[in-house]
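Structure, as structure tokens:
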Number of protein chains: 2
Amino acid sequence: MTPSSASTAHTSNTDFYASHDKLYVATDCIIFGFDDGDLKLLIFKRRVEPDSGIWSLIGSFVKIDEDVDEAARRVLKEITGLEEIYMEQSKTYGKAERDPGHRCISVAHYALMRINDHDRELTQSHGAFWYTLQELPRLALDHQDMVRDALDKLRRRARYQPIGFELLPEKFTIPQLQKLYESIYQRELDPRNFRKKVLSLKVLVKLDEKDKSGSKRGAYLYRFDSEKYQELLESGYNFEI
Amino acid sequence: MTPSSASTAHTSNTDFYASHDKLYVATDCIIFGFDDGDLKLLIFKRRVEPDSGIWSLIGSFVKIDEDVDEAARRVLKEITGLEEIYMEQSKTYGKAERDPGHRCISVAHYALMRINDHDRELTQSHGAFWYTLQELPRLALDHQDMVRDALDKLRRRARYQPIGFELLPEKFTIPQLQKLYESIYQRELDPRNFRKKVLSLKVLVKLDEKDKSGSKRGAYLYRFDSEKYQELLESGYNFEI
DNA sequence: GTTTTAAGCGTTTAAAATACGTTTTTTATT
DNA sequence: AATAAAAAACGTATTTTAAACGCTTAAAAC
């Protein structure tokens, strides 16, 4: 009855496991999106009792034959209809008392997605809505901590991996990209220095189109060149923004 | 029967949980130590069947009423006899097939400790030994991945948090500190620039003692001033090495 | 006393970050 | 039709930080 992973335990005493038929494992998703110049979070208003009306992250139990990250992808698909979403494991929340009444460990994941991409009706039919970080209501359980920690990880990772592009449409302008980084780091950046910096990374391709929605003059559209980025990585380059 | 954390699931369909009485949660510890100029890892040779003789990380099941990080601390104490060890959650390993035969999710933690501090007899009585990263034998299950990922996280974190000091004795010399960073990053550093950099951080206190073990001339001992570090942090300073 | 070795202090050069000026393109206004 | 307004795009100067390298010092070994 000793599973071979737990066989790594240096004690072979596993009899406390007799009562372990009540340990649940779940996953909760911190879903980030960028729209209207603001970083937003997709949260969910429960419609069923108990706790109907309380905002929380979207989650689910992990099935017995399912990878934990697969469970997170399943949740994302159910709520957004999308399969190819950038996702990272954030942190596992394992306090014995974090969920009153039951022992449940949650493996949080954060996801980055383009808000326009997904089926707005589907999310609304689930009672899910986008909130800016400023407007965010109080969340259930330790979900507040989950958001804080995920944001922290997102900020750190965005500095050395080009994950920002996951939040923008395929084609975007430099000023749009700047607004994204400003909303992630919650501080203003100098437009001239920002432009210089991102163009020096050599992973953006300038297109012949302009986007006129943001200004009179319009700004050139760019796209992220992931092949070029891979090449650069392989030649020992390190991205940093 | 719906736990309220999983109540964050937007689906109330929880009947797949019927078979969940066989989902185990464990923790495995990646224990780093620094000795003799080298970064080392404490690993464990199983003495009992099955898998006797296979090297692996040290781990244990999480008890039903125990915080996950508490479980990791318990493991650390059992194997080293120490309670106050620096520890961070690393990552959760949740592939359904990671442990042949049983469904077991493992929440890995990495720990940093001073090798001389701990009870060598205790570790040896558990069949645990220190190995350098170069000498590391093949490990059981996905423990190889756990080591790689933990090392990656350690490297990233060591750049912006003064965690290196957890691996050194209370009093240490600048050249010792340099060797530590060299062994973490696996590359040589210029001693003159390194000295300049760490002293500019203003968190080391020079003592009136010298350590003569490393050279004829001897090098001044320093200690890390954690109060000063906290002060600096609060005044918006950010440590970076 | 001379050699050897690492510690400790310093300077020079290169690169990166920051601050800020100017021109360009287009729409709106008079 | 001329002009003002606003953001985009490009450029330069300054400051800060990182990298490269020289020299002196202290103490043991010969």
Side-chain angles (χ1 to χ4, degrees), chain A residues 36-38 155 158-160 168-169 171-223 232 235-241, chain B residues 36-38 155 158-160 168-169 171-223 232 235-241:
Chain A
D36 203 18
D38 261 315
R155 282 176 178 152
R159 291 193 64 89
Y160 63 89
L168 290 173
K171 300 172 182 181
F172 53 85
T173 67
I174 306 275
Q176 279 165 9
L177 185 63
Q178 181 182 340
K179 280 215 166 137
L180 170 61
Y181 276 94
E182 288 182 330
S183 75
I184 289 178
Y185 295 115
Q186 297 282 310
R187 70 186 182 94
E188 293 197 349
L189 302 170
D190 182 290
R192 294 156 293 186
N193 293 335
F194 182 81
R195 173 183 300 272
K196 220 186 310 172
K197 178 74 189 171
V198 296
L199 291 178
S200 77
L201 297 174
K202 304 284 179 203
V203 291
L204 297 190
V205 179
K206 188 175 183 174
L207 304 176
D208 258 343
E209 296 170 72
K210 281 196 171 189
D211 175 283
K212 299 234 177 189
S213 63
S215 69
K216 300 165 190 172
R217 179 179 171 178
Y220 278 105
L221 286 163
Y222 288 77
R223 66 174 181 80
L232 283 171
S235 59
Y237 157 92
N238 77 315
F239 182 90
E240 202 181 320
I241 211 160
Chain B
D36 204 18
D38 261 316
R155 283 177 177 150
R159 291 192 64 90
Y160 64 89
L168 289 174
K171 301 171 181 178
F172 53 85
T173 67
I174 306 277
Q176 279 167 7
L177 185 62
Q178 183 182 337
K179 280 215 165 136
L180 169 60
Y181 276 93
E182 287 181 332
S183 76
I184 290 176
Y185 295 115
Q186 296 282 310
R187 69 185 183 94
E188 293 198 349
L189 303 170
D190 182 290
R192 294 154 294 186
N193 291 335
F194 181 82
R195 174 183 300 274
K196 222 185 310 172
K197 179 73 188 171
V198 295
L199 291 178
S200 77
L201 299 173
K202 304 283 179 204
V203 291
L204 296 190
V205 179
K206 187 176 185 175
L207 305 175
D208 257 342
E209 295 170 74
K210 280 195 169 186
D211 174 282
K212 300 235 177 187
S213 63
S215 70
K216 300 166 190 171
R217 178 177 173 179
Y220 279 105
L221 287 162
Y222 288 77
R223 66 173 182 79
L232 282 170
S235 58
Y237 158 92
N238 77 314
F239 181 91
E240 202 181 321
I241 212 162

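Here is how names work: the chains are called A, B, and so on, in the same order as the sequence lines, proteins then strands, and each is numbered from 1. Since we're looking at a predicted model, the values are computed, not measured. As a basis for the values below, the full set of heavy atoms in this structure was taken, side chains included, without hydrogen atoms, waters or symmetry mates.
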What heavy-atom pair brings [X] and [Y] nearest, and what distance separates the two atoms?
X	Y	result
A:Lys197	A:Ile241	CE-CA, 4.2 Å
A:Tyr181	A:Leu189	CB-CD1, 4.0 Å
A:Tyr237	A:Leu201	OH-O, 3.2 Å
A:Asp211	A:Gly214	OD1-N, 3.6 Å

Presence of A:Lys216 side-chain N/O under 4.0 Å of D:dA5 phosphate oxygens OP1/OP2 | no
Do any side-chain nitrogens or oxygens of A:Arg195 fall under 4.0 Å of OP1 or OP2 in D:dA9?
->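 Answer is yes, contact under 4.0 Å.
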Determine yes or no for a side-chain-to-main-chain donor-acceptor pair under 3.5 angstrom, with [X] supplying the side chain and [Y] the backbone.
X	Y	result
B:Arg155	B:Ile184	yes
B:Tyr220	B:Ile174	no
B:Asp190	B:Arg192	yes

When the distance from [atom1] of [X] to [atom2] of [N] is rounded to whole Å, what number comes out?
X	N	atom1	atom2	value
A:Lys197	D:dG11	NZ	P	19 Å
B:Leu189	D:dA19	CG	C1'	12 Å
A:Leu177	D:dA9	CG	C1'	15 Å
A:Leu199	D:dA8	CG	P	14 Å
A:Asp211	D:dA7	CG	C1'	13 Å

Mapping B:Gln176 and B:Lys196 onto DNA chain C by nearest heavy atom, which one lands closer to the 5' end?
->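 Closer to the 5' end of DNA chain C: B:Gln176.
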By nearest-nucleotide position on DNA chain C, the 5'-leaning member of A:Arg192 and B:Arg192 is B:Arg192
Assert: residue with more 5' nearest nucleotide on DNA chain D, out of B:Asn193 and A:Pro175, is A:Pro175
B:Asp190 or A:Thr173, whichever maps to the more 5' nucleotide of DNA chain D =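 Between the two, 5'-proximity favours A:Thr173.
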Pair of N/O donor and acceptor under 3.5 Å linking D:dA27 base with B:Arg217 side chain | no
Taking 5' to 3' order, which nucleotide of DNA chain C is first and which is last to have an atom within less than 4.0 Å of a heavy atom in chain B?
->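 The contact span of chain B on DNA chain C goes from C:dT4 to C:dT11.
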